[in-house]
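Note that ligands are numbered from 1 as they come in the structure, with each ligand's atoms numbered from 1 the same way. Owing to the predicted nature of the structure, the values given are computational and were not obtained by experimental measurement.
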Amino acid sequence: MSERKIPTPHIGAGEGEIAETILLPGDPLRAKYIADHFLTDVTQFNATRNMFGFTGYYKGKRVSAMGTGMGCPSIGIYSYELIHFYGCKNLIRVGTAGALRPEVKVRDMVFGMGACTNSNYIKQFGLPGDYSCICSYELLSRAVKAAQDRGLTYHVGNILSSDMFYDSDLPKPGTSWDRMGVLAVEMESAALYSNAAYGGANALCILTVSDSLITGEATTAEERQTSFTNMMEVALELA
Ligand code: HPA
């Protein structure tokens, strides 16, 4: 892109410090965990606002990991800067989600083929209708293969990017997004997918189910760690 003014207001990296493929957890300490446990020859490229970002190598391939914060506006800022100012081509969100459907169990993995949203984020593109936020088919098919190779339980389908975590009016099962087959709720993917489309980049959201809005079941911290490791190995295969 022509508009390359770096460092940006939110990312302190210099030219070439960020890999073309980047993993994006919401929590910056998860980005540090990825760097510490999965990458070699690591350099840190960002600490602005403590939104840590790292670049290293996984199985010989250069890859980065950086936090995004929570919600569409936050991931919207970081993903825009990564795509337009740093030339990132493959942006892979790795996060958690709440299950909306009974067949989606805690600890399962969900690949967000599409992202519905109740956020106004998409409206900012000024389109004359409703935009369908979709992932990169290439990244999705490679991620599915990596999950199959590992024998992991996964689902592929629509997810919901919600602006509200503490929703005061949770819909009754069978009456809302779940009725339309939407598998799980999180808070960022619609912004990531629309920004990637706008910037000509590829994006995928990989989630592990941390809780169920149907059964009320939730994972323990230890279980979240194990499912996080599985998800990370799948995501890193995309480097
Ligand atoms: N809502 C939104 N985001 C989430 C949830 C949820 O219930 N669980 C994990 N991420």
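Protein heavy atom at the shortest distance from atom 4 (C) of ligand 1 is Val185 O, 3.6 Å.
Considering CG of Leu207 and CG of Leu204, their distance stands at 9.0 Å, rounded to 0.5 Å.
Remark: ligand 1 atoms within the under-4.0 Å shell around heavy atoms of Met187 are 2 (C), 3 (N). Distances below 4.0 Å separate heavy atoms of Ser210 from the following atoms of ligand 1: 8 (N), 9 (C). Of all atoms in ligand 1, numbered sequentially from 1 with element shown, those under 4.0 Å from a heavy atom of Gly98 are 5 (C), 8 (N), 9 (C). Contact atoms of ligand 1 toward Thr96: 9 (C), 10 (N) (distance under 4.0 Å to a heavy atom of the residue). Close contacts of ligand 1 with Asp211, meaning ligand atoms under 4.0 Å from a residue heavy atom, involve 7 (O), 8 (N), 9 (C).
If you check the side chains of Glu186 and Thr96, you find no donor sitting under 3.5 Å from an acceptor. Looking at Asn118 and Asp163, their side chains never bring a donor and an acceptor atom within 3.5 Å of each other. Using a 3.5 Å distance cut-off with no hydrogens or angles, the side chains of Ser64 and Thr55 do pair a donor with an acceptor.
For Leu213, no nitrogen or oxygen atom sits less than 3.5 Å from a nitrogen or oxygen atom of ligand 1, counting backbone and side chain alike.
At a threshold of 4.5 Å between non-hydrogen side-chain atoms, the residues Tyr78 and Met51 count as touching.
Ligand 1 lies less than 4.0 angstrom from a heavy atom belonging to Ala97.
Between His37 and Tyr33, the ring-plane angle classifies as parallel under the 30° and 60° cut-offs.
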